[in-house]
Amino acid sequence: MLDSFVSIFSALWHQDFAALQNPESIVMIYFCVTFVIWLESAFLPAAPLPCDSIVILAGTLGAMGIIDFKLIVFLLIMAAAIGSWLAYLQGRWLDHLPKVKRWVDMVPPHRMETVDKLLIRHGIVALFTARFIPVVRPLLPLVMGFRIKNQAHFFRFAWLSATAWILLLTGLGYLLTLLPENIARVTTMILMVAPFITLGIAIISLLSSWFIKRIKNNNIA
């Protein structure tokens with residue numbers, strides 16, 4: 001099972017449509033795409049996963065008839081919404097989850113500032129904006145967990161924001177099939193690489209913040 005999962009994830013990454021068109025791979029495609037979106041939405045360490053790109057590619061696969069477009073949209077909305085709710089619960093239980101607290105402490109300061117600004121300006125409606133910002137996407141529900149106590153209100157907006165995010169990106173993936181093949185492939189590859197550029201920036205920011213704090217502590221000592 002693990003080998004099949006890795007094989008499909010690799011095929012998605014390399015846009016190996018020949019491998020993805022194998023009828024025996026269809027169920028694993030549904031599972032792989034849905035699981036990755038759920039994982040990234042629910043757990044902060046999974047934030048670097050290229051989920052925006054995977055959702056777009058899922059729309060492309062649906063347009064090509066490799067998978068059922070309506071079914072994958074439904075599964076991805078479920079995965080994104082339930083993942084956000086799980087991230088919210090982690091925030092509610094933050095005092096009892098020291099490991100999750102360490103994840104939050106490792107977030108670069110500028111990302112936390114983004115979360116705070118979104119919450120101050122837009123409150124729970126900020127979920128819509130956060131869906132389109134890597135790292136902030138799983139971080140905002142977690143922060144809301146220890147700042148906003150109305151679960152029903154949060155859950156409603158989590159479903160609405162997940163629906164908007166998935167419909168927009170799968171629709172974009174669907175439209176990519178209307179472009180010439182070479183342009184569509186290059187565009188998709190750029191979208192796949194973009195999250196890793198964001199990850200690199202986040203790691204540099206984290207290391208810089210840690211290094212500056214260490215220098216300040218040494219100077220105080």
Side-chain angles (χ1 to χ4, degrees), residues 1-87 127-128 130-141 158-179 181 184-199:
M1 172 114 179
L2 181 59
D3 290 341
S4 298
F5 182 90
V6 173
S7 176
I8 292 300
F9 188 83
S10 177
L12 290 168
W13 173 251
H14 294 99
Q15 301 175 54
D16 185 355
F17 293 109
L20 295 171
Q21 285 177 333
N22 184 348
E24 297 179 358
S25 303
I26 303 302
V27 174
M28 185 54 70
I29 291 174
Y30 285 118
F31 174 77
C32 180
V33 173
T34 304
F35 178 75
V36 169
I37 300 306
W38 172 80
L39 187 69
E40 192 263 0
S41 298
F43 298 102
L44 192 55
L49 289 171
C51 286
D52 292 313
S53 311
I54 289 176
V55 175
I56 292 171
L57 187 57
T60 300
L61 294 176
M64 295 173 64
I66 295 175
I67 56 179
D68 185 270
F69 184 80
K70 292 180 181 178
L71 178 58
I72 196 62
V73 166
F74 171 76
L75 291 174
L76 293 182
I77 290 173
M78 291 280 291
I82 293 173
S84 291
W85 184 57
L86 184 55
L127 276 171
F128 285 98
R131 283 286 177 191
F132 299 91
I133 306 176
V135 180
V136 175
R137 182 162 48 243
L139 177 61
L140 185 64
W159 277 98
L160 289 173
S161 62
T163 301
W165 179 54
I166 296 299
L167 287 178
L168 181 62
L169 294 189
T170 52
L172 178 58
Y174 196 99
L175 292 175
L176 281 177
T177 59
L178 303 178
L179 297 175
E181 183 177 350
R185 182 176 289 273
V186 171
T187 303
T188 307
M189 185 55 68
I190 291 172
L191 293 170
M192 294 290 280
V193 172
F196 290 95
I197 296 174
T198 304
L199 172 62

Asker: Measuring only between side-chain heavy atoms, which start at C-beta, is L61 closer than 4.5 Å to F69?
Answerer: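 No. Closest side-chain heavy atoms not under 4.5 Å.
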Asker: Counting C-beta onward and ignoring hydrogens, is there a side-chain heavy-atom pair between Y30 and D68 closer than 4.5 Å?
Answerer: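 Sidechains of D68 and Y30: in contact.
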Asker: Quick check: closest heavy atoms across P141 and A87, and the distance to 0.1 Å?
Answerer: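 Minimum heavy-atom separation between P141 and A87: CB-CB, 3.9 Å.
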Asker: I66 and L20: which non-hydrogen atoms are nearest, and at how many Å?
Answerer: CG2-O, 3.3 Å
Asker: Between A158 and S84, which heavy-atom pair has the shortest distance, and what is it?
Answerer: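 Nearest heavy atoms, A158 then S84: CB-CB, 4.4 Å.
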Asker: Taking the side chain as every heavy atom from C-beta outward, state whether I8 and S25 have any pair of such atoms under 4.5 Å apart.
Answerer: yes
Asker: Kindly compute the distance separating CZ (F35) from CG (L75), expressed to the nearest 0.5 Å.
Answerer: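 It is 14.5 Å, given to the nearest 0.5 Å.
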Asker: Under a 4.5 Å cut-off applied to non-hydrogen side-chain atoms, are W159 and W85 in contact?
Answerer: no
Asker: Does F31 have its ring centroid less than 6.0 Å away from the ring centroid of W38?
Answerer: no
Asker: Which value, rounded to the nearest 0.5 Å, describes the distance between M64 atom CE and L176 atom CG?
Answerer: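 Here the rounded value is 11.5 Å.
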Asker: Could you state the interatomic distance from CG (L57) to CG (D52), rounded to the nearest 0.5 Å?
Answerer: 12.5 Å
Asker: Give me the atom names and distance for the closest heavy-atom approach of S41 to I37.
Answerer: OG-O, 2.9 Å
Asker: Would you say L76 and W165 make side-chain contact, with heavy atoms under 4.5 Å?
Answerer: no
Asker: What heavy-atom pair brings I166 and V73 nearest, and what distance separates the two atoms?
Answerer: CG2-O, 3.9 Å
Asker: Can a donor-acceptor pair be found, under 3.5 Å and without considering hydrogens, that links the side chain of S10 to the backbone of S7?
Answerer: no
Asker: How long is the span from the CG atom in L86 to the CZ atom in F43, to the nearest 0.5 Å?
Answerer: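 The distance works out to 4.5 Å.
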Asker: So, the side chain of T60 versus the backbone of I56: is there a donor-acceptor pair under 3.5 Å, distance only?
Answerer: yes
Asker: If you define the side chain from C-beta out and look only at heavy atoms, does anything of V36 sit under 4.5 Å from F5?
Answerer: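 A side-chain contact exists here, since the closest heavy-atom pair is under 4.5 Å.
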Asker: Please round to the nearest 0.5 Å and tell me the distance separating atom CD1 of I67 and atom CD1 of I29.
Answerer: 6.5 Å
Asker: Rounded at 0.5 Å granularity, tell me how far CD1 in I77 sits from CD1 in I72.
Answerer: 10.5 Å
